[in-house]
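Down below is the structure, laid out as structure tokens.
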Amino acid sequence: MTIAREWWKNATVYQIWPASYKDSNGDGVGDIPGIISTLDYLKDLGVDVIWCSPMYDSPQDDMGYDISDYEKVYPEYGTNEDMQTLIDETHKRGMKLILDLVINHTSSEHVWFKESRSSKTNSKRDWYIWKPPKFDADGNRHPPNNWGSFFSGSAWEYDELTGEYYLRLFARTQPDLNWENEVTRKAIYDSAMKFWLDRGIDGFRIDTAGLYSKDQKFPDASIVCPDEEFQMSFQNTNNGPRIHEFHKEMYSNVTSNYDAMTVGEVGFCSREDSLKYVSAKEQEMNMIFLFDTITVGREGGDTFGYKDWTLTDFKRAIQKDTTFIEGTDAWSTVFIENHDQPRSVTRFGGIKYASQSAKLITLLESTLTGTLFIYQGQEIGMENLPRSWSIDEYKDINTINYYKKFKEKYGNDSDFKEKEEKLMDIINLVARDNSRSPVQWNSSTNGGFTSGTPWTRVNDNYRTINVASQIDDPNSVLSFWKKSIQIRKQYQDLLIFGTFKILDFENENVFTYIKEDEKNGLRKAYVVLNFSNNSVKFEKLIGGEFELLHCNVGDVDESILSPYEGRLYIVD
Ligand code: NOJ
């Protein structure tokens, strides 16, 4: 099938998480003028689209994913005028700008919620999801059902004022909007979407795009974690009964009128369900983020559940996330980092071979089919926080809530210290805080992120890992990224649009795959990636003329792959 090649398909998208990107005024918090000052750097890297994570007014309980005013910029980040300058300056350089669209919930400080909460008869009462308590035989009050929050505890919050609970799948200050109400949906489209599209933005990354349609019977979720009082509610809240109707409405009422790019965070989805969101003929979203790859080794249901991973698990996940569109009119994404994930070099690479494995992951990412997303700092191989840091350095509500609950549960155990160390190992490996430390621009104090006191600690390794030290070094991770993006574009028929086939699947050290162009089946891209600490034998698994196009080591020994060595061949 020939698929249309809209502008967002071969784009390289760069995600900016404003608080930790670049501070221009010394208050310790990244800001919009700081972003503007780096636009030439991004253009030079090869970025086509900037995705700016929430920059809206917010109490910042969940770092801006708790929005109190869609139409106003968070004052510490700047003003609406600064945003307009960012839009214009981005466009001047031939790049586009998309924003985060957080519309499953607002902050409890949003005026809509304040009204909704004020009385049972308020005209906005039904804009959020309110339910009466349940009482047991002894008259004790309980939440309406057993749904758990993604951030620990119940997903329901009791509000004394009117004696009812509101649903909040995330923090207690993030009440879920009621998408069943048509008036609410219209207000969301106008305030959160059209307001910014009319100012020139080019689309949205749509937060929690699978969660808007809840099972209206609000049944108890099935018990997956028997030790826990509250259970994940996925089967009752994710990909719910009206979700596609809502996305179709959003498309026809809003995004289709602006040629907007849309990428939805959906997470977990079968092939069939994924295609309902992103098949072009469905007219919903352009593409989605699936989580199979980034959650390899994680245990479902427990935020900090971790059981380690194998290379074949990783291959299987990548296969699922990239091939579900083959033979269809749908499109997909390529990403391995974002503000909710740890640094890929620590999580999937070998930290002993940090620079080499950062480049190996770059080779992987830049040769997979779909729109490519890079997260700030990934281009210089930023790493997770040092293991020696204590829990006090962690700022994310998700980490903090989990740790508190853990301490409540095990704090008096004689082996608490041991248990705590184990938990800290996992937190240090997978917590969201790992990607939220400030971008390391140079080797000056605080990595050049701020001239003041940073709101969160800069990774101690900023003196060696930073943009300034890499920018003119042809062997740096940054230069490797730049070259990889160029090659990706140059060979886009194979690398961006090609089909994907894994060879020697069972190999636990080496990941080999070929990319083919359906229209020109003779020429192939052949990618071989050694994901191990050992040197391994290299054998060509297909016939043909091999031309080495790109590689992450200086001296290539044809027959041996050194630890974390990766190569891209063109085979004719
Ligand atoms: C997904 C976002 O990526 C995450 O950072 C946020 O905490 C939740 N949605 C809630 O908005």
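Just so it is clear, the model here is predicted, and its values are computed rather than measured. Whatever order the structure lists ligands and atoms in, that order sets their numbers, starting from 1.
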Practice item. Start with the C-alpha gap between Lys248 and Glu284, add the side-chain angles, then the distance that decides, and say whether salt bridge (Lys or Arg N to Asp or Glu O under 4.0 Å) holds. Key: CA-CA 5 Å; Lys248 284 184 167 55; Glu284 296 194 6; 2.7 Å; yes

Check your understanding: Salt bridge between Arg168 and Asp176, side-chain N to carboxylate O under 4.0 Å?
Key -> no

Contact table, ligand 1 N/O with protein N/O, distance under 3.5 Å:
unit_1: ligand 1; atom_1: 3 (O); unit_2: Arg205; atom_2: NH2; d: 3.0
unit_1: ligand 1; atom_1: 3 (O); unit_2: His339; atom_2: NE2; d: 2.8
unit_1: ligand 1; atom_1: 3 (O); unit_2: Asp340; atom_2: OD2; d: 2.4
unit_1: ligand 1; atom_1: 5 (O); unit_2: His339; atom_2: NE2; d: 3.0
unit_1: ligand 1; atom_1: 5 (O); unit_2: Asp340; atom_2: OD1; d: 2.7
unit_1: ligand 1; atom_1: 5 (O); unit_2: Asp340; atom_2: OD2; d: 3.4
unit_1: ligand 1; atom_1: 5 (O); unit_2: Arg432; atom_2: NH1; d: 3.2
unit_1: ligand 1; atom_1: 7 (O); unit_2: Asp62; atom_2: OD1; d: 3.3
unit_1: ligand 1; atom_1: 7 (O); unit_2: Asp62; atom_2: OD2; d: 2.5
unit_1: ligand 1; atom_1: 7 (O); unit_2: Arg432; atom_2: NH1; d: 3.0
unit_1: ligand 1; atom_1: 9 (N); unit_2: Asp207; atom_2: OD1; d: 2.9
unit_1: ligand 1; atom_1: 9 (N); unit_2: Asp207; atom_2: OD2; d: 3.2
unit_1: ligand 1; atom_1: 11 (O); unit_2: His105; atom_2: NE2; d: 2.9
unit_1: ligand 1; atom_1: 11 (O); unit_2: Asp207; atom_2: OD2; d: 2.9

**Study point:** Pi-cation contact, Trp455 with Lys395 (under 6.0 Å, within 45°)
**Key:** no

Exercise for review: Report yes or no: does Asn384 contribute a side-chain atom to a donor-acceptor pair with the main-chain N or O of Leu429 at less than 3.5 Å?
Suggested key: yes

Review point. Can you find a side-chain donor-acceptor pair between Tyr41 and Glu379 that sits under 3.5 Å?
Key: yes

Check your understanding: Can Asn104 and Trp179 be counted as having a side-chain donor-acceptor contact under 3.5 angstrom?
Key -> no

